[in-house]
Amino acid sequence: MANNTLQGPWQKRELVVLLFCFGIAFLLNVYAVIRYDGRAVELLSQLGYVCVITGVLYVLTVLLRLLVWLISLIVSRISRRP
């Protein structure tokens, strides 16, 4: 079995990003419940939607980070040319 030394820090970073996305989605749910005079039980009953929004936010952050990485890769290759 291969031992990947980057696996631990990478997993920790991705977990933090996922928890941040969940926090944002949950806060959006809290805002919606307060804004539309919902009941407090809706914070739990709408948890499925919160998880879906969390997934969408996570995918968007992955795509954004991939775009930034690709742009930095292109810029670094252009700047290294003689």
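By convention here, the first residue in the shown sequence is residue 1.
Evaluation of the side chain to side chain donor-acceptor pair (under 3.5 Å) rule for Glu14 yields Tyr58, Arg65 as partners, not counting sequence neighbours.
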Just list the side-chain donor-acceptor pairs under 3.5 Å for residues 20-35, sequence neighbours left out, or say none.
none

Under 3.5 Å, which donor-acceptor pairs link side chains of residues 66-77 to any protein atom two or more places apart or in another chain?
| from | atom 1 | to | atom 2 | distance (Å) |
| --- | --- | --- | --- | --- |
| Ser72 | OG | Val68 | O | 3.3 |
| Ser72 | OG | Trp69 | O | 2.8 |
| Ser76 | OG | Ser72 | O | 3.2 |
| Ser76 | OG | Leu73 | O | 2.9 |

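Between the CG atom in Leu57 and the CG atom in Leu18 there is a gap of 10.0 Å [rounded to 0.5 Å].
Linking ILVMFWY side-chain heavy atoms closer than 4.5 Å, directly or via other members, places Val50 and Val52 in two distinct hydrophobic clusters.
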